[in-house]
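Here's the structure we're looking at; comments come further down.
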Amino acid sequence: MHSTLSFSRATTVPTTNYAFHSQSPINLRFCGLRREAFGISILTRSSSGRVRLSTRGRSKRISASTGNNGTPPKSFDYDLIIIGAGVGGHGAALHAVEKGLKTAIIEGDVVGGTCVNRGCVPSKALLAVSGRMRELQSEHHMKALGLQVSAAGYDRQGVAGHANNLASKIRSNLTNSMKALGVDILTGFGTIVGPQKVKYGKVGFTDNIVTAKDIIIATGSVPFVPKGIEVDGKTVITSDHALKLEFVPDWIAIVGSGYIGLEFSDVYTALGSEVTFIEALDQLMPGFDPEISKLAQRVLINPRKIDYHTGVFATKITPARDGKPVIIELTDAKTKEHKDTLEVDAALIATGRAPFTNGLGLENINVVTQRGFVPVDERMRVIDANGNLVPHLYCIGDANGKMMLAHAASAQGISVVEQVTGRDHVLNHLSVPAACFTHPEISMVGLTEPQAREKAEKEGFEISVAKTSFKANTKAQAENEGEGLAKLIYRPDNGEILGVHIFGLHAADLIHEASNAIALGTRIQDIKFAVHAHPTLSEVLDELFKSAKVSFGSFLHCSQELLNFYLIRFCDYALTRHKLLLGLES
């Protein structure tokens with residue numbers, strides 16, 4: 001699922017001091033971790049092999065808000081219960097089983113959540129079709145490759161069926177993978193009724209009560225629809241409805257030009273629709289790096305049957321009825337005065353997503369949501385209304401609002417499981433990549449250039465920017481897809497990678513080299529030595545890193561392996577020179 005990135009400030013709590021003792025050493029896992037996450041902890045192993053955590057010194061403020069539900073149970077039905085079986089809950093469940101936890105997952109709808117059923121997965125099926133259509137429809141592109149193709153067409157029901165079949169297949173795979181590993185799938189809507197206690201059940205049936213040592217909330221999100229917009233599911237729709245592709249309108253207005261809006265504009269224009277963007281901010285694609293947005297607009301919007309209105313709100317949208325079209329009232333975002341009225345065949349509301357947290361029973365544990373989001377700290381631990389941690393309760397994914405991406409939810413879930421099994425782990429959200437699957441694609445990780453400059457000014461360091469073009473890449477030229485740019489934002493004094501942004505062929509696949517480098521703390525002076533197969537698109541990143549200029553002092557920040565390499569080379573040089581001076585070598 002896609003949405004504009006949101007980096008929330010983590011709530012600060014006092015740090016626990018830890019120390020180790022164990023007959024067999026247990027190591028902290030460093031994977032995209034921020035270094036300040038660590039104290040030292042006492043990790044012990046019981047006779048059953050389970051890792052246990054105990055603490056000494058100052059402890060975090062943790063308070064159990066029991067409400068009217070008494071104290072936590074002394075024995076549990078499960079080690080871990082996950083409320084929500086989307087991508088985040090699924091990732092947490094599989095990792096929990098790997099760690100030896102008895103695990104249950106509660107799902108009130110269908111396994112796979114938004115991503116599999118109403119988001120990432122079916123949208124990629126539609127985008128696969130739009131990509132093929134664009135290629136076949138481009139006479140210039142086909143002629144350059146020496147191909148001759150007759151007029152391309154499509155079957156709407158066949159396209160919709162492809163998306164639906166893919167979602168069904170992935171949903172089945174997720175369900176079977178959990179069942180095969182012994183995860184109990186409990187059907188019904190989950191509600192927290194007290195500390196370490198959850199009830200679940202279907203409407204009209206008796207609720208069941210289950211207990212667990214730890215609970216993860218992973219309930220995801222739903223499309224956000226602003227006030228004044230009437231959604232009928234036919235002519236005024238959200239992304240949930242659009243993915244069914246029940247009809248292809250001649251003219252559709254898309255409210256919002258973020259990930260969701262851009263991807264659907266790619267689909268609709270490829271299938272023959274005219275598109276009008278309605279964006280509240282002064283520029284299109286506000287969540288992207290400005291330079292990438294400018295290039296993407298030139299390639300993805302200007303040549304296509306797309307026009308746009310920026311700096312306006314769609315304050316009222318009325319569905320088509322009684323032979324009348326969809327009517328959209330536009331209001332100036334600054335003056336709040338009426339600006340225009342549009343009449344279109346359909347309107348897609350792509351204004352982001354809202355957390356699905358109603359009915360979770362958070363009031364039973366004294367937790368108050370913030371704009372619907374469950375407040376958490378950097379370890380995804382839930383924070384109550386008094387600013388205290390709720391023991392044994394975590395929230396991941398869209399429901400906490402830290403980063404509304406499916407793979408971020410999965411990473412957060414895995415991080416939580418690491419914690420409950422005795423290994424401290426903090427996910428570095430700046431290492432989590434994002435992608436928009438237009439044609440060409442857009443991808444990014446880390447900070448945009450304005451964000452990096454703001455950080456540099458605040459913290460007192462310089463930044464540099466390196467760029468490389470897809471036009472210089474052999475594989476891109478072979479595909480006749482040379483339109484694209486890769487951009488690196490970094491610190492020249494120490495080689496730290498602050499952000500990477502890519503617009504071009506398979507950008508969504510290329511970004512991971514950069515995201516993994518940020519996660520592992522790899523510096524530019526290290527990654528310059530990486531070898532890339534030729535000719536491949538990966539060489540775009542190779543050239544990008546090699547073009548970065550880092551100071552000599554930055555090599556002091558090289559990895560130990562590289563320092564050893566340089567030391568050996570220096571010693572070889574010194575030894576050879578010494579032998580020459582002694583006349584032992586010619």
Side-chain angles (χ1 to χ4, degrees), residues 124 127-149 152 262 266 270 288-289 291-304 433-446 449 464-490 495 497-518 520 522-550 562:
K124 298 307 145 314
L127 285 160
V129 172
S130 72
R132 300 295 194 283
M133 284 294 292
R134 287 194 185 285
E135 201 167 8
L136 294 172
Q137 289 171 343
S138 175
E139 183 179 346
H140 173 74
H141 179 75
M142 291 289 103
K143 188 175 181 180
L145 296 174
L147 299 177
Q148 296 178 352
V149 180
L262 274 179
D266 195 287
F288 299 89
D289 182 88
E291 187 171 8
I292 297 295
S293 294
K294 186 177 180 180
L295 176 59
Q297 181 171 334
R298 180 169 65 81
V299 177
L300 299 177
I301 293 177
N302 294 347
R304 299 179 182 177
C436 185
F437 294 85
T438 48
H439 296 91
E441 297 172 344
I442 309 171
S443 63
M444 67 199 71
V445 65
E449 185 175 343
S464 292
V465 175
K467 304 171 192 175
T468 187
S469 171
F470 276 67
K471 288 183 173 70
N473 181 265
T474 304
K475 183 68 184 301
Q477 290 294 340
E479 298 277 353
N480 197 29
E481 297 282 358
E483 194 73 71
L485 172 74
K487 178 177 179 178
L488 167 67
I489 306 155
Y490 66 100
I497 300 170
L498 300 175
V500 174
H501 303 264
I502 308 172
F503 174 69
L505 184 65
H506 294 301
D509 300 312
L510 295 176
I511 195 64
H512 297 94
E513 181 173 4
S515 66
N516 288 335
I518 294 175
L520 297 171
T522 307
R523 304 296 173 120
I524 291 171
Q525 55 269 28
D526 292 355
I527 206 167
K528 279 174 177 277
F529 289 88
V531 179
H532 299 73
H534 175 76
T536 62
L537 292 172
S538 69
E539 290 175 294
V540 170
L541 271 294
D542 186 32
E543 292 300 322
L544 182 66
F545 291 127
K546 282 181 167 59
S547 68
K549 307 298 182 184
V550 293
L562 274 178

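- Between the CD atom in E139 and the CE atom in M142 there is a gap of 11.0 Å [rounded to 0.5 Å].
- Considering all non-hydrogen atoms of both residues, F437 and A508 come closest at CE2-CB, 3.5 Å.
- Evaluation of the salt bridge (Lys or Arg N to Asp or Glu O under 4.0 Å) rule for K294 yields no partner, not counting sequence neighbours.
- Among L127, L262, V299, the one residue that satisfies the side-chain contact (heavy atoms from CB on, under 4.5 Å) test with T438 is L262.
- Here the CG-OG distance, from L147 to S138, works out to 11.0 Å after rounding to the nearest 0.5 Å.
- Contacts of R304 classified as salt bridge (Lys or Arg N to Asp or Glu O under 4.0 Å), with partners at least two apart in sequence or in another chain: D266.
- Residue pairs satisfying the side-chain hydrogen bond (donor to acceptor under 3.5 Å, both in side chains) criterion with at least one member in residues 474-488, sequence neighbours excluded, are listed as follows: H141-N480, D289-K487, E291-K487, R298-E483, E449-K487.
- For residues 498-518, no residue pair satisfies the salt bridge (charged side-chain N to carboxylate O under 4.0 Å, His left out) rule, not counting sequence neighbours.
- Of all heavy-atom pairs between S515 and V445, the closest is CB-CG2, 3.7 Å.
- For T536, the side-chain contact (heavy atoms from CB on, under 4.5 Å) criterion is met by A533, S538, E539, not counting sequence neighbours.
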Q: Report the C-alpha separation of V500 and I511 in whole Å, then their side-chain angles, then the decisive distance to 0.1 Å, and conclude whether the side-chain contact (heavy atoms from CB on, under 4.5 Å) test is met.
A: CA-CA 8 Å; V500 174; I511 195 64; 4.0 Å; yes
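- Taking both residues in full, the closest heavy atoms of L488 and I524 are given as CD2-CD1, 3.8 Å, listed atom of the first, atom of the second, then distance.
- Nearest heavy atoms, A530 versus K546: O-NZ, 3.9 Å.
- With sequence neighbours excluded, the residues that form a side-chain contact (heavy atoms from CB on, under 4.5 Å) with S547 are A466.
- Qualifying side-chain contact (heavy atoms from CB on, under 4.5 Å) partners for A296, counting only residues two or more places apart in sequence or in other chains: M285, L300, I442, F503.
- Partners of A486 by side-chain contact (heavy atoms from CB on, under 4.5 Å), not counting sequence neighbours, listed by chain and number: T468, I502, V540, L544.
- Distance alone, capped at 3.5 Å, is enough to place a donor-acceptor pair between the Q137 side chain and the A270 backbone.
- Taking each heavy atom of L485 and F470 in turn, the nearest pair found is N-CD1, 3.5 Å.
- From M444, atom CE reaches atom SG of C436 across 7.5 Å, with rounding to the nearest 0.5 Å.
- Partners of F288 according to the ring pair (Phe, Tyr, Trp, His ring centres under 6.0 Å) rule, which considers only residues two or more places apart in sequence or in another chain, are Y259.
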